[in-house]
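To start, the structure itself, in structure tokens.
One is the number of the first residue; the rest follow in order along the sequence.
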Amino acid sequence: MTDISADPWRQFIQSGRALRLEIDRPQLSATLKRNTRYLLVMGGICVLVLLIIVALLASGIGRAVTYVLLGILLVIMLGNVGLGLISRRRVLKALSVQDVFIEVDAAGIRLAGVPPLTWAQTLGVVVSDNRATVTEGKGLGARLRKLTYDTGGSLNSVVIGLDDMRSVREAAAGPRVASLDLGMHDHGAVVVGLDVALTREQCDQVREALRAATALNGVPFRFTSDNGVVAKATLEMGGGKRLTVA
């Protein structure tokens, strides 16, 4: 059996120390620039497609299938613009944080703009990591995944289930890095994307600190790359139940 007392992260948390991480501002600034270029390109394509549709309608030379195909392309491009704007908002929120982005210790978790979350009120913690998908496969699909990720998408997140989301939501103030999802009966989950604001090494540090801190406090912890598991766990904790999803 593994001697968990020899785990350096367990020793770190037991000693009363805390993992405190600030945002990686150069990384965020670079992501914001890429996001701006992405939105300009996608927006430009939308305008171009719209102009082509208008020109075809005015000239009367377009066929029904042409309009359908151009309409589908326009919808896809508008969808990309929407996703880019969502990512941009996430990046801007992280950039507005001036203090600690995330802190983990034996008492609980602290996130920018969110009141301290104690282990006593925590139903479970799920760390999801899909960063490997960025380097998987080839072709257009792989390029689009990387483009989405490089412009502010998140593939490494933490879901923290709480038994009293209402009080957390009411006490939240200032620039907030996490989304506070209200579940059933005032329970819910705090969701924070790590890789938007932190380096890969820092994301891994958060995962191990959470693993150690939850073990010391008897809080269920899951680490997964399966989005289905994350969804089930979020729903379970959103209903006020302690995490049991494997």
query: Say you draw a straight line from CD1 of Ile53 to CG of Leu73; how long is it, rounded to the nearest 0.5 Å?
result: 8.0 Å
- prompt: Salt-bridged, Asp105 to Arg110, with N to O below 4.0 Å?
  reply: yes
- prompt: Is it the case that more than 12 heavy atoms not belonging to Arg89 sit under 6.0 Å from its CZ atom?
  reply: no
- request: Find out whether Leu162 and Leu117 are in side-chain contact, i.e. whether some heavy atom of one side chain is under 4.5 Å from a heavy atom of the other.
  value: yes
- prompt: Can you tell me if Arg207 uses its side chain to pair, donor with acceptor, with the backbone of Val127 under 3.5 Å?
  reply: no
message: Can you confirm whether Met165 sits close enough to Asp186 that some side-chain heavy atom of one is under 4.5 Å from a side-chain heavy atom of the other?
response: no
- request: Please answer whether the main-chain N or O of Leu155 pairs with a side-chain N or O of Asp195 as donor and acceptor at a distance below 3.5 Å.
  value: yes
- prompt: Out of curiosity, Leu198 CG to Phe101 CZ, how far, rounded to the nearest 0.5 Å?
  reply: 5.0 Å
message: Please report the interatomic distance CD1(Ile160) to CG(Leu180), rounded to the nearest 0.5 Å.
response: 10.0 Å
- request: For Arg63 and Val65, indicate whether the former's side chain and the latter's backbone hold a donor-acceptor pair under 3.5 Å.
  value: no
- prompt: For Asp164 and Ser167, does a side-chain donor sit closer than 3.5 Å to a side-chain acceptor?
  reply: yes
- request: Carefully, step by step, assess Gln27 and Thr199 under the rule side chain to side chain contact (heavy atoms under 4.5 Å, CB included).
  value: CA-CA 8 Å; Gln27 173 179 304; Thr199 65; 4.0 Å; yes
- prompt: Does the side chain of Arg222 come under 3.5 Å of the side chain of Ser128 through a donor N or O and an acceptor N or O?
  reply: no
- prompt: Transitive ILVMFWY cluster of Val47 at side-chain heavy atoms under 4.5 Å: who else is in it?
  reply: Leu51
- request: Assess the side chains of Asn35 and Ser87: does a donor N or O sit below 3.5 Å from an acceptor N or O?
  value: no
- prompt: Got a sec: does the CZ of Arg143 have more than 12 other heavy atoms crowding it under 6.0 Å?
  reply: no
message: Run the side-chain hydrogen bond (donor to acceptor under 3.5 Å, both in side chains) test on Arg88 and Thr36 for me, step by step, so that the C-alpha distance in whole Å, both residues' side-chain angles and the decisive distance to 0.1 Å come before the verdict.
response: CA-CA 8 Å; Arg88 187 178 187 84; Thr36 300; 2.9 Å; yes
query: Between Arg34 and Thr31, do the side chains contain an N or O donor and an N or O acceptor separated by less than 3.5 Å?
result: yes
message: Using only atom types and a distance under 3.5 Å, with no angle test, would you say the side chain of Asn130 pairs donor to acceptor with the backbone of Thr133?
response: no
Closest approach of Arg10 to Ala215 (non-hydrogen atoms, all atoms of both residues): NH1-CB, 4.0 Å
field: Sidechain-backbone polar pair: Tyr67 side chain, Leu56 backbone, donor-acceptor under 3.5 Å
entry: yes
query: Would you call Lys241-Glu236 a salt bridge at under 4.0 Å N-O?
result: no
message: According to a hydrophobic-cluster definition based on side-chain heavy atoms being under 4.5 Å apart (Ile, Leu, Val, Met, Phe, Trp, Tyr only), do Val230 and Val158 belong together?
response: no
query: Any cation-pi pair here, Arg131 with Tyr149, using under 6.0 Å and within 45°?
result: no
query: Short question: side chain of Thr122, backbone of Gly124 - any donor-acceptor pair under 3.5 Å?
result: no
